[in-house]
Every structure is written in C-alpha cells, then in structure tokens.
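Let me begin by presenting the structure, written as structure tokens, before commenting on it.
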Amino acid sequence: MTSGHSSPTSPDPTSIAVGQAIPSLVVEMTATRIVAGAIASRDFMPVHHDKAFAEMQGAPDIFPNILSDTAYCSRFLTDWAGPDAMVSRLNIRLGVPVFPGHTLTFTGSVTAVTQEGHEVVVDIGFVAKGDIGDHVTGTATVRLPGDITAT
Amino acid sequence: MTAVASTSGADDGGSADATDLDQRLAALIGQPVGGRGVSTGPDAVNVPMIRHWAAAFEDANPAYVDPEIAAGSRWGGIVAPPLMLQTWTMPTPTITGMAERGGVPTVTEGTSGLAVLDEAGYTATLATNSEFEITRYLRPGDEVTASTVFEAISQEKTTRMGRGRFVTWVTTYTDAHGDVVGRQRFTILKFDPSSAAS
C-alpha cells in the first residue's frame, strides 16, 4: 500500500510558508509495484522485472527504475500541491537502492516562496528514505496560480 | 552505492594515452549520445498511457485522470504527468533476444560515445543525478521528440566505486512545432570496478 492521497484541490498559495512540512508519502515497495512502474514508464531493462537477471548483475532483487523514482517524487509533490500545481523542476541525487519488502518514505518542506508574474513559486527540499538509507535526495519547484503580494 | 566524488589522488600518471583520451572525450561534447541522438515518441501523448502510469504509481492527481476536475483546473482539461516526459520517447522494446543483448531492451544501431569510456577501462555504470526542467505540460495529442547530446565529461575522480568519470548528457524535448517543452540532465559515473578501494 501507499499512504497519502491526492488532494482534489490546491492549497491557498497565500497560506504557504517557508519551513512548512509537506505531508509524507510512504510507499511499501513490492515486486509488483516495481514491475508496474517500470512498464508504465516504458523501461524494459530486465533488472526492473526479472529477479534472476538482477541477481546476475549482483543485486539481491529487482529494483525500481529511475523514472519510477521521479514519478513518486512528483506524486509526493502534487498529492500536496494539487491539480493546479505545475511541477517545473525536479533535481534528484540517487543514493542507496530499495528492494521489494522495503519501505520508502518521502518527507520534505518548503524552502522558499516567491512571486513570479501571476504564479507563486514554491521551492521544496525533500528526501526519500529506504530501509538502508537515503534512496533519493532532491529539490523541486512547483508553481501555483495566485498572488502572495496582494493585500 | 552512492557515488561520492573526491578530487584527491585522481591521477593516472598523465601518460600520452590519457591526453589522447581527454581529446577523444572533449570531442564528444555536443555530440549525440548513442545512434542518431534524436527520437520521436512512437505514440502521441494519450489518455490510455496516462491512466496506466497513474495506476502504476497510484497517483490520483485529478489533472491526469479526472476530466471534470481537470476541465475546471488551470489546465482546462487532462494533462500528462510532467514526469512522464521521458516515457513518451522511450523506444519500443524488442523482447526476443534481450538476454543475448545483455539486457538491452532495443536492437541498437551504431555505437554509443560511451564506448570510448568502456575502452579506457571505465566499464561499469552508476546513475548519480537526474534533473528535469518542465516548461510546458503536455496534453493528449502532443507529439514529443527528444534530442540527447553529451554536455560534460569530468576529469578522472577517485570515488568509493573506484576511479571514474562523471558523464552528463542533456535531452531537449520538443513538441510538433519544435517548441521546447522540457529538458532533462542525467549524470552517470563511468568507473573501473577493479580499482575500488577495499
């Protein structure tokens, strides 16, 4: 299972503050989830669906492809930021792997809020921790329609 | 498995071979990564693939999957998940023979510039960084083309994985009008696994 659910609406941008925590996203990693993500992102590398092949490559099991990592990152961001959010930047550093049976937990917080034209630009720093350490660390920018300078 | 670079002790003796290698690597910058370097998605952006993706990641963002809410959002209709950008241009695999090709999903034409690094002993690969910049959300019907070139190749570094070089390529994604819809930078460490510190 995964925790959290997509918000049907975006937050009021004037309510977003630096330091504010983003609701966490917990993903219980399973072989099914890894295979589903790899194929949905059209990555047919066998290390993402064939355990015997992964073992031949020196891994203990199959592991998620990077496009699955970035997919969960964007889900973590928009579960909170809602349908009006535009994810305009996602920079990640890849850390230790996750395997079936591991739990991946995304946590993060707002690092900057600025106005750009008719959009509120929200910078976020986050980490996705797996069972053996940080799987992904990253920064992202989401843009919401609105004006935080209006009085 | 995180690659931590350190610049200390990165020296292979400065032989004539190294100079030649540096020149060959410098010549790769701006050149296509693999085959032709340009690929157009086999299918235009479409709702079935969006729904398949949303189901796989259990991403219920209504902008992707709920036509009514999407219509009332800033988008005015269904948009593709921004991080599907690379998915649209992933090549269709050839399942038969994949094992014989060492797990490579497609039958590739020509050689990749990465072969220069393999020949120099940096035979192993570890992905280290991925950066996406999204300039426009895609809608059903959009046709996506990706053009990928080498952007940077570092000097040799000593890392926990062994001696290696960081290689960054940049993919520019364009729509049917040639307008840029996003960019992706991807960095890998090509390293010599036999040189890892024990």
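The chains referred to below are lettered A, B, ... by the order of the sequence lines, with proteins before strands, and numbering in each begins at 1. The figures here come from the full heavy-atom set of this structure, side chains too, leaving out hydrogens, waters and symmetry mates.
Distance check: R183(B) CZ to R89(A) CZ gives 14.5 Å after rounding to the nearest 0.5 Å. With rounding to the nearest 0.5 angstrom, the CG atom of D59(B) is 10.0 Å from the CG atom of L77(A). One distance of note links CG of D43(A) with OG1 of T87(B); it measures 8.5 Å at 0.5 Å rounding. Interatomic distance, L90(A) CG to Q184(B) CD, rounded to the nearest 0.5 Å: 10.0 Å. We find the CD1-NE2 distance between I39(A) and H52(B) to be 8.0 Å, quoted to the nearest 0.5 Å. Put simply, CZ on R33(A) and CD on E58(B) are 4.5 Å apart, with the number rounded to the nearest 0.5 Å.
Hydrophobic clustering, with ILVMFWY side chains joined whenever heavy atoms are under 4.5 angstrom apart, keeps V142(A) apart from V121(A). At a threshold of 4.5 Å between side-chain heavy atoms, the hydrophobic network of Ile, Leu, Val, Met, Phe, Trp and Tyr places F63(A) and V27(A) in two separate groups. Under the 4.5 Å side-chain contact rule for hydrophobic residues, V120(A) and I16(A) share a cluster. Under the 4.5 Å side-chain heavy-atom criterion for Ile, Leu, Val, Met, Phe, Trp and Tyr, L114(B) and I29(B) are members of the same hydrophobic cluster. I22(A) and M86(A) end up in the same hydrophobic cluster when Ile, Leu, Val, Met, Phe, Trp and Tyr side chains are linked at under 4.5 Å.
Counting all heavy atoms, side chain and backbone alike, M45(A) lies closest to G103(B) at SD-O, 3.9 Å. The two atoms that bring L94(A) and N129(B) nearest to each other are CD1-N, 4.1 Å, heavy atoms only. The shortest heavy-atom contact between R74(B) and R143(A) is NH1-O, 3.0 Å. Heavy-atom minimum distance, R42(A) versus P42(B): NH2-CG, 3.5 Å. A63(B) and P83(A) make their closest contact through CB-O, 3.8 Å (heavy atoms, listed as atom of the first residue, atom of the second, distance). For A36(A) against A56(B), the heavy-atom pair with the smallest separation is O-CB, 3.5 Å.
The environment of CZ in R51(B) is sparse: at most 12 heavy-atom neighbours from other residues, nucleotides or ligands sit within 6.0 Å.
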### Task
Give the C-alpha distance, both sets of side-chain angles, the deciding distance and a yes or no for side-chain contact (heavy atoms from CB on, under 4.5 Å) between T70(A) and S130(B).
CA-CA 9 Å; T70(A) 53; S130(B) 164; 4.1 Å; yes
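With a 4.5 angstrom heavy-atom cutoff, I132(A) does not touch chain B via any of its atoms. Of the two parts of I66(A), only the side chain, counted from C-beta on, holds a non-hydrogen atom closer than 4.5 Å to a non-hydrogen atom of chain B. For F44(A), the parts lying under 4.5 angstrom from a heavy atom of chain B are both the backbone and the side chain. For chain B, the nearby part of A85(A) is the backbone; its heavy atoms alone come within less than 4.5 Å. For D69(A), no part sits under 4.5 Å from any heavy atom of chain B, backbone or side chain. Proximity to chain A is absent for every atom of R185(B), based on heavy atoms less than 4.5 angstrom apart. If you measure heavy-atom distances from P81(B) to chain A, you find no contacts under 4.5 Å at all. Using a 4.5 Å cut-off between heavy atoms, S68(A) touches chain B through backbone and side chain atoms alike.
For the set Y137(B), W53(B), W75(B), the count of heavy-atom pairs under 4.5 angstrom toward chain A peaks at Y137(B). Ranked by heavy-atom pairs under 4.5 Å with chain A, the list A54(B), P82(B), P62(B) is led by P62(B). Taking T187(B), T92(B), V104(B) one by one and counting their heavy-atom pairs under 4.5 Å with chain A, the maximum is reached by T92(B). Ranked by non-hydrogen atom pairs under 4.5 Å with chain B, the options V87(A), T9(A), D50(A) are led by V87(A).
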